[in-house]
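The structure appears below as structure tokens.
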Amino acid sequence: MDRTHAIQQAAEDIRNARHTVALTGAGISAESGIPPFRGKGGVWERIDPMEFATIDAFLKNPAKVWQVLFLEMKQVLDRAHPNAAHEGLARLEQSGHLRTVITQNVDGLHQAAGNTDVIEFHGNFAWQRCQTCGQTQPSRELELAAMPPRCPCGGLWRPACVLFGELIPTTPLQRSQAITAACDVMLVIGTSAVVEPAASLPALARAAGAKIIEINPEPTPLTRRTSHYLIQGKAGEIVSRIADQCAG
Ligand code: OAD
């Protein structure tokens, strides 16, 4: 199936569906200037996640993790704006074709684009949480003069997102699984589908009878095995064209 035909097919599948859900990963934000984690130019090519992105690494040396990973993430995310793919998903919701976005991203760009039901599987970088007392505050208001930044209680501020070695909070996990089991189309956009438990959601949807449509410049472990078809290319152009065709 060529790309134009695959885009037409996706629009038709979505128009015929009662309940479409999107599962997104770092690739959907690549065109917003946020580098993905894996692949060429990915964050984990420069920074070893086992050394900088686990809860144990953070507790052992919080200043190092702040200086090498969190500060860079904060700078990149503070500047980022939704791209054509985020906007396309928001248009699909507005035209009544998409209900929920399940995202592994912590950048808040789906909400900024206008989607109203976004499950943040790995939390959100826009908030900081005290590791000791649990208090929260917006990342933008964080005082960064001293490293690591500390809460008035003396505890460590850390982004309100999931680090390796931490469990996915129960509410997003259970809600994602319930919505996945009930959808009849799942758009899987810009994820390498290697990090569990998010990587298993497409197989769960397929087992429940849903059509799985993948959008990615590269094949992934889902391609051919779990996905019904892959629309190969960048999310911005493809999601935008699907949203145009669903609106028309
Ligand atoms: P990855 O960085 O693993 O994968 C990004 C995917 O996006 C790859 O499959 C790319 O081919 C694809 N991609 C790149 N540019 C794209 C574009 N313009 N349009 C569409 N797709 C594009 O990101 P995730 O799968 O989201 O977890 O990674 C999953 C988790 O691993 C993250 O949530 C994070 C990370 O470690 C935690 O931090 C807990």
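Just so you know, these numbers come straight off a predicted model, no measurement behind them. Order of appearance sets the numbers: ligands from 1, and atoms from 1 within every ligand.
By the criterion of a heavy-atom distance under 4.0 Å, the side chain of His122, and not its backbone, is placed next to ligand 1. Neither the backbone nor the side chain of Phe121 comes within 4.0 Å of ligand 1, counting heavy atoms alone.
Shown in contact with Trp44 at under 4.0 Å from a heavy atom are these atoms of ligand 1, numbered in order with element: 35 (C), 36 (O). In summary, the atoms of ligand 1 found under 4.0 Å from a heavy atom of Phe164, numbered by their order in the structure, are 36 (O). Close approach to Glu31 involves these atoms of ligand 1, each under 4.0 Å from a residue heavy atom: 17 (C), 18 (N), 19 (N). The ligand atoms of ligand 1 that sit less than 4.0 angstrom from a heavy atom of Pro36 are 2 (O), 5 (C). Close approach of ligand 1 to Gly25 (heavy-atom distance below 4.0 Å) involves ligand atoms 26 (O).
For Val106 against Asn124, the heavy-atom pair with the smallest separation is O-OD1, 3.3 Å.
For Gly190, a nitrogen or oxygen atom sits less than 3.5 Å from a nitrogen or oxygen atom of ligand 1, counting backbone and side chain alike. Polar contact check, Glu218 against ligand 1: no nitrogen or oxygen pair lies under 3.5 Å apart. Considering backbone and side-chain N/O of Asn216, one or more are found under 3.5 Å from N/O of ligand 1. Ligand 1 has an N or O atom lying under 3.5 Å from an N or O atom of Ala26, backbone or side chain.
The backbone N or O of Leu222 sits less than 3.5 Å from a side-chain atom of Thr220, completing a donor-acceptor pair. A donor-acceptor distance shorter than 3.5 angstrom exists from the side chain of Arg206 to the backbone of Thr226, with no hydrogens or angles considered. Using a distance-only test at 3.5 Å, with no hydrogens or angles considered, a donor-acceptor pair links the side chain of Asp107 to the main chain of Leu109. Within the 3.5 Å criterion, the main-chain N or O of Thr116 finds a donor-acceptor partner in the side chain of Glu93.
Using a 4.0 Å heavy-atom cutoff, Gly42 is absent from the residues neighbouring ligand 1. Contact analysis leaves Ile28 out of contact with ligand 1, as no non-hydrogen atom separation drops below 4.0 angstrom.
Applying the side chain to side chain donor-acceptor pair (under 3.5 Å) definition to pairs two or more places apart or across chains, those involving residues 179-200 are Gln104-Thr191, Glu196-Ser200. The salt bridge (charged side-chain N to carboxylate O under 4.0 Å, His left out) pairs that include a residue from residues 223-239 are Arg3-Glu237, Glu237-Arg241, where partners are two or more places apart or lie in different chains.
Among protein heavy atoms, the minimum distance from atom 31 (O) of ligand 1 is reached at Arg38 NH1, 3.0 Å. Protein heavy atom at the shortest distance from atom 15 (N) of ligand 1 is Ala30 CB, 3.8 Å. Scanning the protein heavy atoms around atom 25 (O) of ligand 1, the nearest turns out to be Thr191 OG1, 2.6 Å. In terms of protein heavy atoms, atom 30 (C) of ligand 1 is closest to Val195 CG2, 3.7 Å.
Distances from atom 21 (N) of ligand 1 to the heavy atoms of Gly236, Ala235, Pro217 show the closest one on Pro217.
Between Glu218 and Arg38 there is no salt bridge, since no side-chain nitrogen of the basic residue lies less than 4.0 Å from a carboxylate oxygen of the acidic one.
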